[in-house]
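Report on one structure; see the data block that follows.
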Protein chains: 2
Amino acid sequence: MTPTIFIVDDDSSVRKSLERLLRASGYQTQAFASAEDFLACRPCLNPKDPSCLVLDVRMPGISGISLQQELANAGVILPIVFITGHGNIPMSVQAMKNGAVDFLPKPFAEEELLNAVEQALAKAARLQKEAAEKAEIRRRVKTLTPREYEVFRWVITGMLNKEIAAELKVTEKTIKVHRARVMQKMKAASLADLVRLAEKIGITPENPGSNPGSSVG
Amino acid sequence: MTPTIFIVDDDSSVRKSLERLLRASGYQTQAFASAEDFLACRPCLNPKDPSCLVLDVRMPGISGISLQQELANAGVILPIVFITGHGNIPMSVQAMKNGAVDFLPKPFAEEELLNAVEQALAKAARLQKEAAEKAEIRRRVKTLTPREYEVFRWVITGMLNKEIAAELKVTEKTIKVHRARVMQKMKAASLADLVRLAEKIGITPENPGSNPGSSVG
DNA sequence: CTGGATATTGGACCAAGGTCCAATTTACAA
DNA sequence: TTGTAAATTGGACCTTGGTCCAATATCCAG
């Protein structure tokens, strides 16, 4: 329910100050003294509710920028608001290129931080929703047998059953059976639905996607 | 064929220097002393080939940041590489938020600028391609009569002709006729195609899009 | 007011998709 | 070796979509 704002800063006075501010604004907070400490907090990396990270750029050990990279590579959904006392332009540009929501040099107005956090949480909510949708679709795709997946890819091209049958060198009847199972397993109420599901996970007539067969017995 | 790099900087020595560098790298260039001068160049705002803009942040009159906003509002596809002698972090962050490709404080290495320009051109090519596709689809949608557009929106929901007919309080036969015309006018070879076309311009079962009827005679 | 575009509908017909039923073969795992 | 999952196919049947043909009513602009 209540969004959690993670704080990573090596300066304890800054941590305290940030926690005070954010809690006063109704957020739940969790502070860490280093990127290493934060990374050690497994549940933090996969928050159930939309969350974000207020991150100091310059810290001993793993820097804020490096942490940003690692989180991105790990697919962690945690929009970042950078804060810094000794930043420079290239640093801020790099952070923004990597998807940071904002980059605030100290001193900043409380209002600025709160606005940035709000944007970050909105972004988190959006990304989490999209990720959840895609995960659900991929979960369904994984239930398809290799052959069903193959037929699935052909069906969304718009080809007729008889054409697909010729392509796969089987009878049209066989395609009908596979096709019906695809619709069931993908929970698609119509071909239009099936096409949209495929689009959402990036499976187009041009892009076949990955074959799930390897994990199916 | 040859990409054009537009340069906007009030310092003539900087303009000359940039033109020399970019031309030596095989680009065509066109320099302007102010944002106003650049905006006056109509063809520059709608370049046929992928192009980009190397833009000074601080200038008399319209600033670089303001120009970026104006171009964005006007829907101009011109990725921007900012250069600046007296920039600061908030300025760079704002520029990046608004979609700048890079933000280079002077002095910068020639290599840095060239890399940024290359990225900007790649982005321009991508955006232009997408924009062209969408424009073509919208052009086709505009050829639909109001009723055809309405049927189009229902068809991509996956509903049966008889269901759509009940919804619009007409006979199934009527829907068939409209539907056939929609497929023709949209140049869709299959329902799957039609659904993808609709998706590309953001018309989903939830989002009806804008009715083209007002502009059709 | 008249012609063209739009919207509507009918009939006939064929092709295509979907859905029951049931069956065989193959491959891999317990 | 036996059993389960997967792949394949057949038949019958109905629904749906697509495509010819043609016709009527409405509305708006020249």
Side-chain angles (χ1 to χ4, degrees), chain A residues 139-198 205 208 210-217, chain B residues 139-198 205 208 210-217:
Chain A
R139 192 189 62 72
R140 292 178 196 167
V141 168
K142 276 188 194 146
T143 69
L144 299 179
T145 67
R147 197 56 158 175
E148 283 164 359
Y149 183 72
E150 200 170 5
V151 171
F152 167 54
R153 277 163 33 196
W154 283 109
V155 165
I156 61 171
T157 66
M159 279 174 71
L160 301 180
N161 285 343
K162 65 160 58 174
E163 294 171 327
I164 301 173
E167 192 71 38
L168 298 184
K169 308 219 193 310
V170 294
T171 65
E172 183 183 349
K173 176 67 204 185
T174 306
I175 301 302
K176 283 190 180 184
V177 172
H178 287 319
R179 183 175 185 147
R181 282 202 208 291
V182 168
M183 297 296 287
Q184 277 183 329
K185 289 186 176 179
M186 295 301 294
K187 299 194 202 301
S190 63
L191 175 59
D193 268 2
L194 193 69
V195 170
R196 269 185 291 267
L197 290 174
S210 58
N211 193 314
S214 50
S215 65
V216 175
Chain B
R139 192 189 62 72
R140 293 179 196 167
V141 168
K142 277 187 194 146
T143 69
L144 299 179
T145 67
R147 197 56 156 176
E148 283 164 359
Y149 183 71
E150 200 170 5
V151 171
F152 167 54
R153 278 162 33 194
W154 283 110
V155 166
I156 60 172
T157 67
M159 281 175 70
L160 301 181
N161 285 343
K162 67 159 56 172
E163 293 172 327
I164 301 173
E167 192 71 39
L168 298 184
K169 308 218 192 313
V170 294
T171 64
E172 183 184 349
K173 176 66 205 184
T174 306
I175 300 302
K176 283 190 179 184
V177 172
H178 287 319
R179 183 174 187 148
R181 283 203 205 292
V182 169
M183 296 297 286
Q184 278 184 326
K185 289 185 175 179
M186 294 301 294
K187 299 194 202 300
S190 64
L191 175 59
D193 268 2
L194 193 70
V195 171
R196 270 185 291 266
L197 290 174
S210 59
N211 192 311
S214 50
S215 67
V216 175

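Not measured: the values here are computed from a predicted model. Lettering of chains follows the sequences in order, A, B, ..., and the numbering in each one begins at 1.
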Without decimals, in angstroms, what is the distance between A:K176 NZ and D:dC13 P? 14 Å
In whole angstrom, what separates A:E148's CD from D:dA5's P? 13 Å
Does the side chain of A:L194 come within less than 4.5 Å of A:V155's, by heavy atoms? yes
Using a strict heavy-atom distance below 4.0 Å, which residues from residues 160-171 of chain B are in contact with DNA chain C? B:V170, B:T171
Heavy atoms only: give me the nearest B:G158-A:S190 pair and the separation to one decimal. CA-OG, 3.5 Å
Between C:dG17 (P) and A:R181 (CZ): distance, integer Å: 18 Å
Starting at atom CD of B:E172, determine the distance to atom P of D:dG17, rounded to an integer number of angstrom. 6 Å
How close or far is atom C1' of D:dT16 from atom CG of A:L191, stated in whole angstroms? 13 Å
To the nearest Å, how far apart are A:R179 CZ and D:dT9 P? 17 Å
Between C:dT8 and B:H178, is there an OP1 or OP2 to side-chain N/O distance shorter than 4.0 Å? yes
Test for a donor-acceptor pair under 3.5 Å between the base of C:dT19 and the side chain of A:K173, counting only N and O atoms. yes
For the pair made of CD1 in B:I175 and P in D:dG17, what is the distance, rounded to whole Å? 11 Å
Assess whether atom CZ of B:R140 is packed by more than 12 heavy atoms of other residues, nucleotides or ligands within 6.0 Å. yes
Could you check whether any side-chain heavy atom of B:K185 comes within less than 4.5 Å of a side-chain heavy atom of B:T145, counting everything from C-beta outward? yes
Look at B:T145 and C:dT6 and indicate whether a side-chain polar atom (N or O) is within less than 4.0 Å of OP1 or OP2. no
Would you call B:R153 and B:E150 a salt bridge, using N to O less than 4.0 angstrom? no
Heavy-atom nearest nucleotide on DNA chain D taken for A:V177 and for A:K185; more 5' hit belongs to A:K185
Which pairs with one or both residues in residues 189-198 of chain A pass salt bridge (Lys or Arg N to Asp or Glu O under 4.0 Å), sequence neighbours excluded? A:D193-A:R196
Heavy atoms only: give me the nearest A:M186-A:L197 pair and the separation to one decimal. O-CD1, 3.5 Å
Distance check needed: C:dT26 P versus A:R147 CZ, whole Å only. 16 Å
